[in-house]
Amino acid sequence: MNLKAEEKTETCNKRGEKIKEDKPVKQKTKCERTLIIIKPDGVQKKLIGRIISRFEDDGLEIERIRVLHIDKNIALIHYKEHVEKPFFPKLLQYITSGPSIVMVIKGENAVARARELIGCTNPEKADKGTIRGDFGTDITINVVHGSDSESSAEREINIFFGNYL
Ligand code: IDP
Ligand code: MG
C-alpha cells in the first residue's frame, strides 16, 4: 500500500490543490506495562509516597501493588542474569534485607519512561531529579528497580503477580 499516495488523497482535491492543512505527524506510542520495585532502602527511608509520585506525576498509572519481603528464591529468579556476577552476593543480601514495594506500572512507553525517571544504575552518575540521583546510596543500594525491556517486564510481572495479563 502506498501510504504517501493515500495521505495525498486526504489533503488534496483531484486537481492536486491543497484542501486541508497537513496533519501533524503523530509520535508512535504504545501502552506498556513495566515492573517497578521500591527496594528495601526506599521503604526503610519512608520514600514510598515520593517515589510513587514521580511515576504518577509523569502520567503513569499504578495498576497493581503489593508489599513483599523478597526471599532468596524469588531473588534468584528475578535477578537470574546476575547470579554469576561478582556483585550478586551483595545484591542478594540487600534485596532480601527488608520489605519491598512491587508494582505494575502502566502507560505509554512505560518501560523507557520509567527507566528515565529512575536514572542510571549508579546513583553517583545518575542525574539530579531522577529517583536514584536524588535518593540512591551507591551502585548496589539504589532505591528502585525498573524492567529494562518489554520482554523483561512480562517475565518479571509474572514472577510477582502471576499470569494475570
Ligand atoms: P539496573 O537495576 O539499572 O537495571 P542491573 O545491571 O540490572 O541494573 O543490576 C541489577 C542491580 O544489581 C542494580 O540495580 C544494583 O542494585 C545491583 N548492581 C548492578 N551493578 C552492580 C555493581 O557493579 N556492583 C554492585 N551492585 C550492582
Ligand atoms: Mg536490570
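Here the structure is a predicted model, which means the values were calculated and not measured. Remember, it's 1-based here, ligands and their atoms both numbered in the order they're listed. All residue numbers in this chain count up from 1 along the given sequence.
Checking side-chain atoms of Arg155 against main-chain N and O of His78 turns up a donor-acceptor pair under 3.5 Å. Arg132 places no side-chain N or O within donor-acceptor distance of the main-chain N or O of Glu124, the cut-off being under 3.5 Å.
Side-chain contact of Lys39 with Asn142: a donor-acceptor pair under 3.5 Å is present, judged by distance alone.
Taking CG from Asp148 and CD from Glu156, the interatomic distance works out to 7.0 Å, rounded to the nearest 0.5 Å.
Few gaps surround NZ on Lys45; more than 12 heavy atoms of other groups in view lie less than 6.0 Å from it. For NZ of Lys90, the number of neighbouring non-hydrogen atoms (other residues, nucleotides, ligands) closer than 6.0 Å is 12 at most.
Sorted by chain then number, the residues whose non-hydrogen atoms approach ligand 1 to under 4.0 Å are Lys39, Tyr79, His82, Phe87, Leu91, Arg115, Thr121, Arg132, Ile139, Thr140, Asn142.
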